[in-house]
Amino acid sequence: MRNDTLIDETKSRPAGPVRSALCYTQELYPFDALFSPILCGGLSLKNRIIAIPPVKLYGEKPEEFALSAAAGGVGLICIDSGFDFKLCDGVHAHGGRIFAMLTPDKPLSAGFRQIRPAVRSKLLCRQALDAVKIGCDGLCLDLRDVEHDQAVVLTRSVRRAVGADAPLMCRVSVSYSYADLVTAGADMLSIEPCAKNAPWLRQPTEAMPAGCFLEYSRCAKSSVSVPVAACGKLGYPDVAEAALREGMCDMVILQRTLLADPEWCGKAQSGTVDDIIPYINPLGRLLVDLRTKSETRKHIAVIGGGVSGMSFALCAANRGHNVDLYESGSKLGGRLIAEARPSFKADTLSYRHWLILKLCRAKNVQIFPNSYVDAAGLSGSGYNAIVFANGSRLPPLPDISGWGDIPFVPLWVLASTAGELQELGGKRIAVLGGGKSGCECALWLKSEEKAAKVTLIENGCEIMRNSTFFEREWFKKVLKTQGVELMTAAEPLRISEGCLLLKQSCCAALGTAHSSDTFIRSIDCDLIVLAQEEFADKAQFIQAQSAPSAARLYCLAGSHYPCGIIGASRAAYELAQMI
């Protein structure tokens with residue numbers, strides 16, 4: 001299969017429309033609005049992009065994030081720690097501007113909240129003056145968790161302290177009277193839905209639509225004359241450009257997007273949108289430090305073209321090795337193909353497309369689809385190393401009475417063949433497994449496939465235990481809104497007369513205090529979907545170890561969870577760095 005064919009087939013979902021379903025498109029290129037200058041107070045910014053570090057940075061300091069963003073072409077960086085003369089000079093050297101982000105409740109301990117408002121205001125003003133003295137171009141007040149009246153007082157106090165020349169940006173909640181803040185001295189507003197009673201909105205999940213908070217900034221623009229910045233999944237150039245052209249905001253805030261790819265601005269401005277590394281990992285970049293070269297160039301065979309095999313091949317190629325990638329099927333991606341089946345999984349689809357694109361463009365990578373090989377078949381080919389990336393396999397089927405009386409299917413098989421093998425609409429479906437993939441499957445079945453009833457069954461006390469708090473809370477709310485029944489602390493017992501019988505903890509079912517009591521519940525269902533923890537498929541690797549081989553053999557175990565992109569990618573990266 002030609003490389004361009006491999007690339008083109010990733011642009012649409014299985015059984016989906018012909019039109020591209022990717023997020024990272026460039027239909028509106030050149031992005032003239034996104035890269036046009038703008039004034040904040042009396043300060044000129046070279047483009048409409050604001051970089052703000054996420055609340056938690058793993059393995060990276062805020063000042064490193066700021067310098068990477070500035071080097072990548074961001075016009076304005078707001079940072080809440082680590083700013084000093086050196087950092088300010090570094091940002092300015094790249095033509096960017098830097099604002100010191102001040103949070104009223106952050107500088108001191110919890111007792112700071114009991115300090116009188118006048119003292120709190122004085123402390124904040126002192127910080128603002130210090131930031132301006134060390135070279136910050138302006139200030140950003142994080143007032144999202146401050147009551148409206150107090151926010152106005154703090155804004156007015158800081159404005160008086162620093163004078164009229166220092167630009168002042170305010171990050172505020174959607175419940176504010178925006179005109180009051182502008183009157184108090186704000187030169188720019190950032191509208192963010194961070195109300196304390198809606199924690200699921202603090203960090204948008206992949207399932208939330210692109211530009212999910214643009215309506216808030218549009219409403220704010222109608223009441224104020226200063227620039228208004230928007231946030232919420234605006235890391236897709238076409239989406240950000242359209243928001244600016246349509247007057248829904250004046251600037252866009254990027255956070256984790258720039259963790260995934262600090263060079264986002266340069267790639268968008270040059271029109272190489274395909275090269276943008278899609279944001280898929282809430283903890284930062286997946287395949288970091290790709291340019292670390294190996295001292296000895298090796299010839300490596302990779303068996304398996306799923307996310308593990310592709311990630312390893314890309315990392316190894318970037319280290320200077322020659323890599324041959326063998327895939328038994330006609331398409332690269334393995335279970336990523338099924339993972340990208342729901343329409344709200346466009347980021348996953350884009351990530352698979354990016355991996356294939358980079359592999360096809362790498363001069364030292366050869367791709368062999370429709371090629372089933374093993375170590376014996378590769379003997380004599382001159383390989384220094386053979387990497388088995390066979391992915392994962394399903395665990396044994398549940399050992400319960402009557403299993404098989406109700407049709408069952410693994411999650412990835414269902415997603416790959418939806419619309420081909422059976423009609424899902426109108427069916428009563430039970431999903432076994434409350435991890436991220438199980439929750440996404442339940443949402444897809446109910447919202448897109450129009451299943452009559454969907455029951456999500458998890459044997460633990462909490463769904464999505466390995467996901468972030470924000471993602472978990474959002475899924476809880478959305479699944480409930482969609483009518484998906486959540487059953488935690490539940491264990492299948494048997495199948496009888498078309499019903500799945502479960503043993504469930506009383507406290508989980510009734511929401512009562514802790515109790516060891518359980519009772520039996522019956523679920524009517526026409527189909528059971530298996531979305532449970534899986535096992536690494538090491539069979540081919542173990543078989544190869546029993547035969548002599550001139551090549552070093554490595555096993556790249558698959559993730560324990562269906563379509564576990566993060567775990568598989570990290571394992572691939574670590575192995576590539578070792579070889």
May I ask you to test the [X]-[Y] pair for a side-chain heavy-atom distance under 4.5 Å?
| X | Y | answer |
| --- | --- | --- |
| P237 | W264 | yes |
| L258 | P262 | no |
| Y554 | L575 | yes |
| F408 | W403 | yes |
| T455 | M487 | yes |
| P492 | L502 | yes |
| L359 | I367 | yes |
| I457 | V431 | no |

Separation between [atom1] of [X] and [atom2] of [Y], rounded to the nearest 0.5 Å:
| X | Y | atom1 | atom2 | answer |
| --- | --- | --- | --- | --- |
| R341 | E448 | CZ | CD | 7.5 Å |
| K477 | Q482 | NZ | CD | 12.0 Å |
| L486 | F475 | CG | CZ | 11.5 Å |
| I356 | H353 | CD1 | NE2 | 8.5 Å |
| L349 | L336 | CG | CG | 9.5 Å |

I'd like to know if [X] and [Y] make a salt bridge, using a cut-off of under 4.0 Å between side-chain N and carboxylate O.
| X | Y | result |
| --- | --- | --- |
| K61 | E64 | no |
| K267 | D275 | no |
| R521 | E485 | yes |

With distance as the sole criterion, is a donor-acceptor pair present between the side chains of [X] and [Y] under 3.5 Å?
| X | Y | answer |
| --- | --- | --- |
| D347 | Y236 | yes |
| Q366 | D324 | no |
| N370 | S330 | no |
| E192 | S190 | yes |

Neighbour count >12 (heavy atoms, 6.0 Å) for atom [atom1], [X]:
| X | atom1 | value |
| --- | --- | --- |
| Q545 | CD | yes |
| R494 | CZ | no |
| K476 | NZ | yes |

Please find the pair of heavy atoms, one from [X] and one from [Y], that lie closest to each other, and give the distance.
| X | Y | result |
| --- | --- | --- |
| Y24 | G235 | CE2-O, 3.5 Å |
| V239 | A210 | CG2-CB, 4.0 Å |
| I565 | S569 | O-OG, 2.7 Å |
| L479 | A442 | CD2-CB, 4.2 Å |
| L355 | L314 | CD2-CD2, 4.0 Å |
| Q255 | R171 | NE2-NH2, 4.2 Å |

Working for side-chain hydrogen bond (donor to acceptor under 3.5 Å, both in side chains), residues N390 and Q540: CA-CA 8 Å; N390 301 104; Q540 197 176 14; 2.9 Å; yes
Residues which pass salt bridge (Lys or Arg N to Asp or Glu O under 4.0 Å) with K446, listed by chain and number, not counting sequence neighbours: none
